[in-house]
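I have placed the structure first, in the form of structure tokens, so that the comments after it can refer back to it.
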Number of protein chains: 2
Amino acid sequence: MSIQYQGLVTHGLASQIADKIKQAILEGALKVDERLPTEEELAQRFAVSRPTIREALKRLAAQNLIRSRRGPTGGTFVNQPTQAETRLMMANATALLVSMGELSLADIAETRQELESLCCRLAAERRTDEQLQVMREEISRQREPTLSDQDFCASDVRFHRTLIAAAHNPALDLASAGVIEALQPAINLMVFRFRDRAQVADQHAAIHQALMARDGKAALCALTDYMDVLTTQYQAAQAANEQPKISAKTTPTAQTSKTSKANTSTSLSRQARSKKSAP
Amino acid sequence: MSIQYQGLVTHGLASQIADKIKQAILEGALKVDERLPTEEELAQRFAVSRPTIREALKRLAAQNLIRSRRGPTGGTFVNQPTQAETRLMMANATALLVSMGELSLADIAETRQELESLCCRLAAERRTDEQLQVMREEISRQREPTLSDQDFCASDVRFHRTLIAAAHNPALDLASAGVIEALQPAINLMVFRFRDRAQVADQHAAIHQALMARDGKAALCALTDYMDVLTTQYQAAQAANEQPKISAKTTPTAQTSKTSKANTSTSLSRQARSKKSAP
DNA sequence: AAAGTACCATTTGTCAGACAAATAGGAAAT
DNA sequence: ATTTCCTATTTGTCTGACAAATGGTACTTT
């Protein structure tokens, strides 16, 4: 009568073991940089074979929770999670959502604008002289006529990352990671004319100046101008990219060893079709 | 003389294969729900053994990029990333950073307040009647005196998640995931007195009423009050928790059949010792 | 005696083959 | 026609082994 109809097993041995070790790390039973037992010893402890242990460890390694080294002093160690790594992971996950069409660029752009507005207000109080210096360097780089388009975009990203860093709140930095990096591929598709570049650089300079004067409102205005230009440019680039759609798609699978790669025709148009929700 | 001194191998075969498959998915060569070859076939294609392929697939499975099923119609399929899963992953990563002391609760609390303030402004325009209804239900639940402490906290989280959802911006929802969920364990440590509960419920009601009237400023004021109460409560709980260290924690893991593992000295105190960052 | 070198022990990385488990489809029996 | 059983296919796990890396140790040489 008292048969348990649930709670048997649903996710395989390796998955369960991975969860147990992860839980141990989360609870602090395994401290950072602590070496956990050998794979063979773990196999004995959990009463499974070594490949199963290895699969469990691989799952954890994929999440940057542990690292492994060979040799006598080697073994498996608990990784200390870094803000930079977490940030990278979030950016990747967000980019994946975008490429799969689960997130619209319009939503991301709005969130980015709101978050950077927030950063403008906080950075006006907290920015350091070093961050202002970095901004100046990027602005002068952006005014270099010989800069390639992608270098220009990279510099743009660095400027805005500096703006966010100037807010001096790591949690806010982390929360902004996705919306900043996920927007970069779209921006990279734009080719800025010389006049646009100057405009962008001027707006960056305006932000920099406002932050130097600790004037949050002025920084916010400059940021808003920048965002307006960006959306205008994006719409123009989108319109220009809708015409040449003749590019033949390569057969989807077809990948043996090296022949991957190809088009990046990630349906620009569909993603851009995001709207405001009708009440 | 033209020897390549770099780019040999740095991360093992399985890692390289995982990266290749991941890149194929990212570039669209492998579409969603598409079945990729069997493990044996992949092993032949990449000229490695099946365990190596399996380790590569496990790495991808740990990132929710693929799923596997057994049987004739089984195999490995490309997963469609979901906002909910991505959100969960971000929440986990943030919680890990907090438990490792890489993120201070003060920074998270500030970011949460700013993000929710933002949501108040947006939600005042965009909230739906259904979301108002959900808020009403949670508020009435929070006024139930028989509710347990953790159920009260869970209801609190649901209320604020509804507030964020009412902003109707998936990207903002995603960005807020970490700071909302990462703060919950800290809140769970608090035991609310009856008077505090009534206060929280009243502030929730004030937010709800302001959103119903589409008054963003009023919602923001109510939210600010709520946050003030929360930080006050937290500081009180923190001070109270520093004295009584005698409380015995229940064994967290509680192994089933295997006699593995041992102590789980879940140093409570270390996690709670977070403070404000000195500028 | 000090320093360099060769060897060795330990641990993860990879390979090979095999069996177990799950699952869908088809064949056979009622 | 429906149910039941069998079978083929694919992943999950086990066993055993060898390869590669890496630090320590003992030996040799200066």
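Only heavy atoms go into these numbers, but all of them, side chains included; no hydrogens, no water, no symmetry mates. Chain letters run A, B, ... following the sequence lines, proteins first and then strands; every chain starts at 1. Quantities reported herein were computed from a predicted structural model and do not represent experimental measurements.
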| Separation of atom CD1 in A/Ile53 from atom P in D/dG12, rounded to whole Å | 16 Å
| request: Begin from the C-alpha positions of A/Thr162 and A/Gln131 and carry the test side-chain hydrogen bond (donor to acceptor under 3.5 Å, both in side chains) through to its verdict. | output: CA-CA 7 Å; A/Thr162 307; A/Gln131 282 151 352; over 6 Å; no
| Out of C/dT12, D/dC14, D/dT11, which nucleotide sits closest to the side chain of A/Glu39? | C/dT12
| Value in whole Å for how far the C1' atom of C/dT11 lies from CD1 of A/Ile66 | 14 Å
| remark: A/Arg50 has its side chain closest, among C/dG25, C/dT12, D/dT13, to C/dT12
| Rounded to whole angstroms, how far apart are CG on B/Leu57 and C1' on D/dT13? | 15 Å
| said: Test side-chain contact (heavy atoms from CB on, under 4.5 Å) on A/Asp107 and B/Leu172; report intermediate values, then the result. | reply: CA-CA 8 Å; A/Asp107 286 337; B/Leu172 183 56; over 6 Å; no
| request: Indicate the atoms forming the closest heavy-atom contact of B/Leu147 with B/Arg141, along with that distance. | output: CD2-O, 3.5 Å
| Spacing of CG belonging to B/Asn79 relative to CG belonging to B/Leu65, to within rounding of 0.5 Å | 7.5 Å
| field | Rounded distance in Å - CZ (B/Phe46) to C1' (C/dT14) | value | 16 Å
| task | Measure the distance from CD on B/Glu40 to P on D/dA8 and round it to the nearest whole Å. | result | 16 Å
| field | Side chain of A/Arg70 - closest among C/dC15, C/dA21, C/dT11 | value | C/dT11
| query | Which whole-number value in Å describes the distance from A/Phe77 CZ to C/dT10 P? | reply | 16 Å
| request: Go through C/dA24, C/dA18, C/dC15 for me and flag the one nearest to the B/Pro51 side chain. | output: C/dC15
| task | Would you mind reading off the distance between B/Gln16 atom CD and C/dT14 atom P, rounded to a whole angstrom? | result | 9 Å
| request: Would you mind telling me which of D/dT13, D/dG12, C/dG25 lies closest to the side-chain atoms of B/Thr73? | output: C/dG25
| request: Round to the nearest Å and state the distance from B/Glu41 atom CD to D/dT11 atom C1'. | output: 15 Å
| query | Considering heavy-atom distances to DNA chain C, does A/Arg35 or B/Pro72 have its closest nucleotide positioned more toward the 5' end? | reply | A/Arg35
| query | Between B/Thr52 and C/dC15, does any side-chain N or O lie under 4.0 Å from OP1 or OP2? | reply | yes
| Do A/Leu26 and B/Asn92 come close enough that some side-chain heavy atom pair is under 4.5 Å? | no
| request: Consider the side chain of B/Arg54, meaning its heavy atoms from C-beta on, and name the nucleotide among D/dC14, C/dC15, D/dT11 that approaches it most closely. | output: D/dT11
